[in-house]
Number of protein chains: 2
Amino acid sequence: MPDRDGPGLTMDQESRLTGQAGTSVRGDESRAAILQAAKALFSANGSRGTSLASIASAAGLSQPGLLHHFPSKSALLLAVLADRDREDGELSSARLTGDGLDILTALASLVEHNQGQPEIVRLFSVLLGESLSDAHPAHGQFAARYQGIRSRILRKLRRAQTQGQVREGVDLDALAPVIVAVMDGLQYQWLLDDSIDMVRSFQVFCDLLVRGLTT
Amino acid sequence: MPDRDGPGLTMDQESRLTGQAGTSVRGDESRAAILQAAKALFSANGSRGTSLASIASAAGLSQPGLLHHFPSKSALLLAVLADRDREDGELSSARLTGDGLDILTALASLVEHNQGQPEIVRLFSVLLGESLSDAHPAHGQFAARYQGIRSRILRKLRRAQTQGQVREGVDLDALAPVIVAVMDGLQYQWLLDDSIDMVRSFQVFCDLLVRGLTT
DNA sequence: GTCTATATGAGGATAGAC
DNA sequence: GTCTATCCTCATATAGAC
């Protein structure tokens, strides 16, 4: 017996409140719990190493109950990634404020933010590895994601060059993947070894990069 | 009926030829075939996504036949990694010839070498992702591996600084992980998207790095 | 060293009741 | 929206014959 709907709302009344036709508050809560549990377990063991039953158990319902919300494991995996992208845009345009080389400062603060969230970072790193398989459900999603990230960074770099912050002759198309690579690569090392200081390393990278770009 | 031992060697004679007591040539061939098949399938689908039966089938024997050579899936996985390390030392000391900043040239040629071997690169990248799980059989192996790589690079960087190739004041301890990160990170992007040119990007990175380090 | 047969279990997904 | 029960497949590992 649910204990959250004191005055006794009907399903229809609940639906009107949440603004989602055909969905009850109870259902939304379960859905959210499933996503949360899936994030934690995918992060710890990868999607291939995690069973739907274990996720369902952590979310407080049965495995068929889970499949009512997400029709398959792949669908759940994609929902986890989509939900994560929605929550905080990571490298979204919104987060990459500032013009020109200020982008490096923005990225540095992102690295600092990430260093406080090992579980989320591991979720992405683990799933990135899995996604390298052609058949993996998130393969296309990750490929598109990285393409977008690189192109946003590249745009900023080009603007910096136009503004004279970066000397002519630097191959910015080739540089954009490098910047992304440093962030990802540091994460792997950090996740394997706590003693790695991503923030410090990324700062050193930025300093040297700026020197190299302006000299 | 085997067709490789024309004159009809006995097991004991075979053992003497291979120099491995208690091991026949036939067994060695199977073992090698298993390792080769495991590399290909782990690379394509990760170790969690690959069954022993599929490896055995690709190697031309039954699944229990495989388990005769490697007592468990974990043992096989570790053997694959050990075998790979043996074959070509990747970032081993032997490969990192040259003094001081010449290390960057050596690493660039390694990147070029890797760009010709997508399967091997993917094998490592996929398994690196899996290894982030604390419980993964190769977790410790990967952690130790990266620690070794960083320390070898750091040693070279320190020597370069001593020789005056690198100005004082640069935080080399923080830089070493960055160099490793660039190589790993580029590999992920390249594996997701053929159009990435790891060699070109790494070269740009090296050029900018040298400028930043010497200025 | 390799096989067949099998024990044993886990995983994803479905059917149908409530 | 959630459950129990179940199906079917696949996976690891073992037993024992050849």
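The model shown is predicted, which means the values in this text are computed figures rather than measured ones. Excluded from the calculations below are hydrogen atoms, water molecules and symmetry mates; all remaining heavy atoms, backbone and side chain alike, are included. Labels below follow one simple rule: chain letters A, B, ... track the order of the sequence lines, proteins then strands, and each chain is numbered from 1.
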For this session: Write down the distance between CD1 (B:Ile55) and C1' (D:dA11), rounded to a whole number of angstrom.
Result: 12 Å

Problem set entry | Among C:dT4, D:dA5, D:dT2, the one nearest A:His68 by side-chain distance | D:dT2

Problem set entry | Six-ring centre of B:Phe124, B:Arg145 cation under 6.0 angstrom, axis tolerance 45° | yes

Problem set entry | Charged N-O contact under 4.0 Å between B:Lys39 and B:Asp83 | yes

For this session: Kindly point out which of C:dT2, D:dG1, D:dT4 is positioned nearest to the side chain of A:His69?
Result: D:dG1

For this session: Determine, for B:Asp173 against B:Arg158, whether the closest basic-nitrogen to carboxylate-oxygen distance falls under 4.0 angstrom.
Result: yes

Exercise. Should B:Arg150 and A:Asp193 count as an ion pair when the cut-off is N to O under 4.0 Å?
Worked result: yes

Problem set entry | ring pair (Phe, Tyr, Trp, His ring centres under 6.0 Å) between A:Tyr188 and B:Tyr146, worked out | CA-CA 10 Å; A:Tyr188 279 99; B:Tyr146 276 93; 8.4 Å; no

Problem set entry | Pairs flagged by side chain to side chain donor-acceptor pair (under 3.5 Å) wherever residues 57-76 of chain B is involved - sequence neighbours left out | none

For this session: Please state how far atom CG in A:Leu61 lies from atom P in D:dC3, giving the value in whole angstrom units.
Result: 5 Å

Exercise. Under 4.0 Å: is that the gap between some side-chain N or O of A:Ser62 and OP1 or OP2 of D:dC3?
Worked result: yes

Problem set entry | DNA chain D contacts made by residues 31-45 of chain B, counting heavy atoms under 4.0 Å | none

Exercise. Does B:Gln115 CD have over 12 foreign heavy atoms under 6.0 Å away?
Worked result: yes

Exercise. Just by distance, do the side chain of B:Ser201 and the backbone of B:Met198 share a donor-acceptor pair under 3.5 Å?
Worked result: no

Distances for protein N/O vs nucleotides 8-12 of chain C N/O pairs under 3.5 angstrom?
from   : atom 1 : to      : atom 2 : distance (Å)
C:dG12 : OP1    : A:Lys73 : NZ     : 2.6
C:dG12 : OP2    : A:Leu52 : N      : 2.7
C:dG12 : N7     : A:Gln63 : NE2    : 3.4

